[in-house]
2 protein chains.
Amino acid sequence: MSKHRNDAASTEFEQPCPVRDVLDRIGDQWSLLVLLTLQGETKRFNVLMREIGDISKQMLSRTLKQLEQDGYIRRTVYAEVPPRVEYDLTDLGRSFLEPMKLLVAWADTHHPAIREARRAYSQRASGGRREA
Amino acid sequence: MSKHRNDAASTEFEQPCPVRDVLDRIGDQWSLLVLLTLQGETKRFNVLMREIGDISKQMLSRTLKQLEQDGYIRRTVYAEVPPRVEYDLTDLGRSFLEPMKLLVAWADTHHPAIREARRAYSQRASGGRREA
DNA sequence: CGGTATCCCGTCAGATACTG
DNA sequence: CAGTATCTGACGGGATACCG
């Protein structure tokens, strides 16, 4: 999604296509998972690391910075002896999760159908291809 | 989104995480745009090319094949003199677009807020960083 | 017309090491 | 604890050329 020129008007969206601008960022490897993990609770960097499990420090750091830039989350630094940094969702972030959670639910519901479609497709491929 | 191991159980989703499995595929450069372009109308390969505008033959071909594999679209080949191939949405494809269109609408609505967040962030960066 | 095959390069993400 | 810096390999996607 990231290369489609945002500066050129595509056929159906004018100017810097908002959909791309938004989905390019959130559609990456980790953004959605981080937002989902922050739902309902403020969390520290290392807690996020542990809960997500297989994300590297670098990617978590980058992802958090981008989400903060775009206004989805807020970063709070406490000037303490061992540094403490907490992250939580902003109103924009929570707002975003509403339609997003519908999509997540759709994915959950229809995942079997997609698996089945893939199975059927590979079957068809080994047989002969239909025509109209 | 594509590298997070689907085979390992992450903290909040079990087994091959459906959300990743679905969003990894449609979260690419072109899938969503192709689905959106096919809304309400069956279209031929070259029509899609022209309407999308800046997609290459190869990427359109790949994208269509993936979408067909996953059951979002149907491909119909007419055995005619100049070959004719038409694509249209399946029920699954139309079903998918429902939550997706809510997300698209969200992006449209909140795009200004995000632009503003980015602007504010870069302002803050040049000044001094706040702490709590 | 509707593709596939090949080449090639830019970006992205992991590993590792270092810092305030 | 919470990051940043650097290096590197993998991969996505464009350009081009060819095929049924």
Side-chain angles (χ1 to χ4, degrees), chain A residues 1-6 8 20 23-34 38 42-69 73-88 125 128-129 131-132, chain B residues 1-6 8 20 23-34 38 42-69 73-88 125 128-129 131-132:
Chain A
M1 204 104 169
S2 26
K3 303 279 184 38
H4 190 202
R5 250 144 297 131
N6 246 343
R20 276 177 184 281
L23 295 189
D24 276 3
R25 303 288 278 244
I26 185 69
D28 71 2
Q29 212 118 310
W30 302 110
S31 294
L32 176 60
L33 192 52
V34 168
L38 280 176
T42 294
K43 284 174 184 164
R44 306 178 57 165
F45 189 88
N46 275 350
V47 171
L48 284 168
M49 277 283 283
R50 256 173 280 125
E51 294 200 3
I52 294 177
D54 58 351
I55 190 174
S56 67
K57 275 158 71 161
Q58 194 180 45
M59 285 316 296
L60 180 55
S61 177
R62 284 183 193 171
T63 303
L64 287 168
K65 189 177 289 178
Q66 287 210 343
L67 292 175
E68 188 198 359
Q69 279 177 2
I73 64 176
R74 178 179 38 190
R75 178 179 184 271
T76 311
V77 182
Y78 296 88
E80 297 180 356
V81 175
R84 180 161 58 106
V85 182
E86 291 190 340
Y87 296 89
D88 64 331
R129 301 194 57 85
E131 290 182 7
Chain B
M1 204 102 171
S2 23
K3 302 280 184 38
H4 189 200
R5 252 143 296 132
N6 247 343
R20 278 179 183 281
L23 295 189
D24 276 3
R25 303 287 277 245
I26 59 90
D28 70 2
Q29 212 121 310
W30 301 111
S31 294
L32 176 60
L33 192 53
V34 168
L38 279 177
T42 293
K43 283 172 185 166
R44 305 179 57 164
F45 188 89
N46 276 349
V47 172
L48 285 167
M49 277 282 285
R50 256 172 281 125
E51 295 198 3
I52 294 177
D54 57 353
I55 192 175
S56 66
K57 272 158 72 159
Q58 193 181 45
M59 285 317 297
L60 180 56
S61 177
R62 285 183 194 173
T63 304
L64 288 168
K65 189 178 293 181
Q66 287 209 342
L67 292 175
E68 188 198 0
Q69 278 177 359
I73 64 176
R74 179 178 38 190
R75 178 179 185 271
T76 309
V77 182
Y78 296 87
E80 297 179 355
V81 175
R84 180 162 58 107
V85 181
E86 291 190 340
Y87 296 89
D88 64 331
R129 302 194 56 86
E131 291 181 8

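Here is the naming used below: chain letters follow the sequence lines, and residue numbers restart at 1 for every chain. Because the structure is predicted, anything quoted here is derived from the model rather than measured.
Here CD of Gln66(B) is found 11.5 Å from CD1 of Ile26(B). Values are rounded to the nearest 0.5 Å.
With sequence neighbours excluded, the residues satisfying side-chain contact (heavy atoms from CB on, under 4.5 Å) with Arg62(A) are Gln58(A), Met59(A). With sequence neighbours excluded, the residues that form a side chain to side chain donor-acceptor pair (under 3.5 Å) with Arg84(B) are Glu80(B), Glu86(B). For Asn46(A), there are no side chain to side chain donor-acceptor pair (under 3.5 Å) partners two or more places apart in sequence or in a different chain. With sequence neighbours excluded, the residues forming a side chain to side chain donor-acceptor pair (under 3.5 Å) with Gln69(B) are Arg25(B), listed by chain and number.
Checked against Trp30(B) for a side-chain contact (heavy atoms from CB on, under 4.5 Å), the options Leu60(B), Leu67(B), Ile52(B), Leu64(B) give a single hit: Ile52(B).
Comparing the axis of the opening five pairs of the helix from dC1(C)-dG20(D) to dG20(C)-dC1(D) with that of the closing five pairs yields an angle of 50°, rounded to 10°.
Distance CG (Asp28(A)) to P (dC11(D)): 18 Å, rounded to an integer number of Å. Protein atom OH of Tyr78(A) is 12 Å distant from nucleotide atom P of dA2(D), rounded to whole Å. Spacing between atom CG of Asp24(B) and atom C1' of dA13(C) amounts to 14 Å, rounded to whole angstrom units. The distance between atom CD1 of Ile55(B) and atom P of dA15(D), rounded to the nearest whole Å, is 12 Å. With rounding to whole Å, Asp54(A) atom CG is found 13 Å from dA13(C) atom P. Distance, Gln66(B) CD to dC11(D) C1': 13 Å, rounded to whole Å. dC12(C) atom P lies 16 Å from atom CH2 of Trp30(A), rounded to whole Å. Atom CE of Met49(B) and atom C1' of dA15(D) are 12 Å apart (whole Å).
Contact between the side-chain N/O atoms of Ser56(B) and the OP1/OP2 oxygens of dG13(D) is not found at any separation under 4.0 Å.
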TODO: Would you sort out whether Gln29(A) and Thr63(A) count as a side chain to side chain contact (heavy atoms under 4.5 Å, CB included), showing the intermediate values?
DONE: CA-CA 9 Å; Gln29(A) 212 118 310; Thr63(A) 303; over 6 Å; no

- [ ] Would you check, one step at a time, whether the test side chain to side chain contact (heavy atoms under 4.5 Å, CB included) holds for Val34(A) with Tyr87(A)?
- [x] CA-CA 10 Å; Val34(A) 168; Tyr87(A) 296 89; over 6 Å; no

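Across all non-hydrogen atoms, the minimal contact from Ile55(A) to Met49(A) is O-SD, 3.7 Å.
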Report all interatomic pairs (protein N or O, nucleotide N or O of nucleotides 1-5 of chain C) with separations under 3.5 Å.
unit_1, atom_1, unit_2, atom_2, d
dC1(C), O3', Arg44(B), NH2, 3.1
dC1(C), O3', Pro83(B), O, 3.2
dG2(C), OP1, Arg44(B), NE, 2.9
dG2(C), OP1, Arg44(B), NH2, 3.0
dG2(C), OP1, Val85(B), N, 3.4
dG2(C), OP2, Asn46(B), N, 3.3
dG2(C), OP2, Asn46(B), ND2, 3.4
dG3(C), OP1, Arg75(B), NE, 3.4
dG3(C), OP1, Arg75(B), NH2, 2.5
dG3(C), OP1, Tyr87(B), OH, 3.4
dG3(C), OP2, Tyr87(B), OH, 2.6
dG3(C), N7, Lys57(B), NZ, 3.0
dG3(C), O6, Lys57(B), NZ, 2.7
dT4(C), OP1, Lys65(B), NZ, 2.9
dT4(C), OP2, Ser61(B), OG, 2.2
dA5(C), N6, Gln58(B), NE2, 3.4

